Structure formats: structure tokens, C-alpha cells
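Numbers here simply count residues along the sequence, with the first being 1. From a predicted model like this one, the values you see are computed outputs, not experimental measurements.
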Amino acid sequence: MAEREIKYRGLKTFQIFNGETNSVWIYGFYLKRGTYGDPGPQAHIFVYENGYEGYRVEAETIGQFTGLLDKDGREIYEDDIISFDDGNIGIVEFTRGCFVVKCGKDNVTRSLYEIHKWSNVKILGNRFENPELLVGRTVSQKKIDDPQTIHMYEPVAYKRSE
């Protein structure tokens, strides 16, 4: 069996001195654990840098690495918004044991690995930092004639299914 890298990312938000908030992505392995004084288990991303460092992250932002890279060599994660050669866009999700891309108001679903074979995929952003990419933008006016082709009509706001 081939070994693959399993890692996650999560968004850590913190307040800086002047009262503003700042966010940074933490990459590593995921663990849900409690610490002294916490009301219950918290989501943490651990990073190995001269020993293990754990960072509490926002649980809803945790996404797994798909094992694939976009055309610019950037790692593709769950919840990334990606575009294809034809200009259509979709969002990466993990459903029924595999990574898929959901597109359009009908949430047309295709395997990310199949799409990655025939299209140069580019990461545009993610649903947490760039929600405007999912709302009110018409990318293509084509009809879905070929079930193997993904077309985007009017993206709607994405809500993560629990």
C-alpha cells in the first residue's frame, strides 16, 4: 500500500494589541482534546517544530489535505474553492469516503481526482476567507450536456452539512 501524507489545516484567530483580530492557518495533524480549565474537548492542530506544539483552532475551519496540488503547486484542502480550465468553479468537500467538488445551485458533484486528471485546477481561495466567490457570481451559461463536464450557473451560499 502506498504511503500518503495525512495532514490538516485549521484557522487560529487571535486578538492583537490594538484590539483588532488576526487569523493564521495552522498546518499539521488534528487532535480533539481537552486541556486543564477547558469546558470540554477542543480542536487542536499540532505541528512538529523542535517538539510538538499544539494550537487551538476554530473547529469548523478544519479541513483535510486531499493529497493533490493545483497547477501552481499549492496543496488542495477540504473547503477550498477551485477553478477549472473552462472558468467554472466549485468547492472541495469530503463526502462518502472521498474528496468531491460541488458546483452550482444544484450542487453537481464530481470526484476531485477525476477532475484533477483532465483539468488544470487552480485554488481561488476558501469558503472562510473568500465567501464572496460562492455567492451571486455567474461563471458559465452553458447547459450540462455531458455528465462528465462540470458547469457552474449561479453559485449559492455554501452551508457545511453536519
Side-chain angles (χ1 to χ4, degrees), residues 1-13 21-32 40-46 55-162:
M1 181 165 77
E3 186 176 324
R4 65 182 179 94
E5 187 173 19
I6 299 176
K7 63 181 174 179
Y8 295 82
R9 73 173 179 197
L11 197 58
K12 177 171 181 53
T13 302
T21 58
N22 197 3
S23 298
V24 63
W25 286 102
I26 305 293
Y27 297 83
F29 68 90
Y30 168 68
L31 178 66
K32 190 171 186 175
Q42 304 291 319
H44 287 77
I45 298 289
F46 280 81
Y55 300 92
R56 186 181 304 175
V57 296
E58 298 171 36
E60 65 275 2
T61 66
I62 294 175
Q64 187 176 2
F65 175 48
T66 64
L68 299 173
L69 305 176
D70 77 348
K71 69 181 186 177
D72 298 327
R74 295 171 42 196
E75 296 176 339
I76 302 172
Y77 282 82
E78 185 179 0
D79 295 316
D80 276 343
I81 300 168
I82 58 177
S83 69
F84 312 104
D85 289 337
D86 60 4
N88 295 317
I89 64 172
I91 187 162
V92 178
E93 289 186 0
F94 187 76
T95 303
R96 297 183 182 176
C98 66
F99 290 102
V100 298
V101 178
K102 288 194 174 183
C103 296
K105 63 184 175 186
D106 297 329
N107 281 329
V108 176
T109 304
R110 297 286 182 255
S111 164
L112 175 62
Y113 294 103
E114 290 300 315
I115 292 169
H116 196 267
K117 281 187 207 175
W118 58 262
S119 181
N120 286 317
V121 174
K122 180 172 177 57
I123 298 171
L124 300 176
N126 61 69
R127 74 178 185 98
F128 306 105
E129 295 177 311
N130 312 99
E132 70 279 1
L133 294 173
L134 295 173
V135 181
R137 181 171 165 210
T138 301
V139 179
S140 175
Q141 295 301 323
K142 299 177 182 177
K143 292 186 178 180
I144 299 177
D145 298 324
D146 179 4
Q148 297 300 316
T149 304
I150 292 182
H151 297 287
M152 188 78 167
Y153 294 105
E154 295 175 23
V156 295
Y158 173 79
K159 183 176 180 183
R160 185 176 186 141
S161 57
E162 297 298 324

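Atoms CZ and CD, on F128 and E60 in that order, are 7.0 Å from each other to the nearest 0.5 Å. In this structure, CG on L124 lies 8.5 Å from CD1 on I82, to the nearest 0.5 angstrom. Of the inter-residue distances, the one linking I76 atom CD1 with T66 atom OG1 reads 5.0 Å to the nearest 0.5 angstrom. A distance of 6.0 Å separates CD1 of I89 from CG of L134, quoted to the nearest 0.5 Å. Summarising the geometry, atom CD belonging to Q64 is positioned 11.5 Å from atom CG belonging to D79; distances are rounded to the nearest 0.5 Å. E114 CD to C98 SG: the interatomic distance, rounded to the nearest 0.5 Å, is 10.0 Å.
Residues D80 and N126 meet the side-chain proximity criterion, which asks for heavy atoms closer than 4.5 Å. Here the side chains of I6 and Y8 are in contact, with some heavy-atom distance below 4.5 Å.
With hydrogens and angles ignored, the 3.5 Å screen pairs a side-chain donor or acceptor of H116 with a backbone N or O of L69. A donor-acceptor distance shorter than 3.5 angstrom exists from the side chain of D70 to the backbone of D72, with no hydrogens or angles considered. Between the side chain of S23 and the main chain of L11, no donor-acceptor pair closer than 3.5 Å is present. D85 places a side-chain N or O within 3.5 Å of a backbone atom of N120 that can act as its donor or acceptor partner.
In this structure, F65 and Y77 have tilted ring planes: the angle between them lies in the 30° to 60° band.
Among residues two or more places apart in sequence or in another chain, the side-chain hydrogen bond (donor to acceptor under 3.5 Å, both in side chains) test is passed with E58 by T13. Every residue two or more places apart in sequence or in another chain that forms a side-chain contact (heavy atoms from CB on, under 4.5 Å) with K12 is listed here: F14, V24, I26, Y55, V57. Residues passing the side-chain hydrogen bond (donor to acceptor under 3.5 Å, both in side chains) test with K71, sequence neighbours excluded: none.
A salt bridge is absent between R9 and E75: the closest approach of a Lys/Arg side-chain nitrogen to an acidic carboxylate oxygen does not fall below 4.0 angstrom.
Residues C103 and G90 approach most closely at SG-CA, 3.5 Å, considering heavy atoms. Taking every heavy atom of both residues into account, R74 and I123 meet most closely at NH2-CG2, 3.3 Å.
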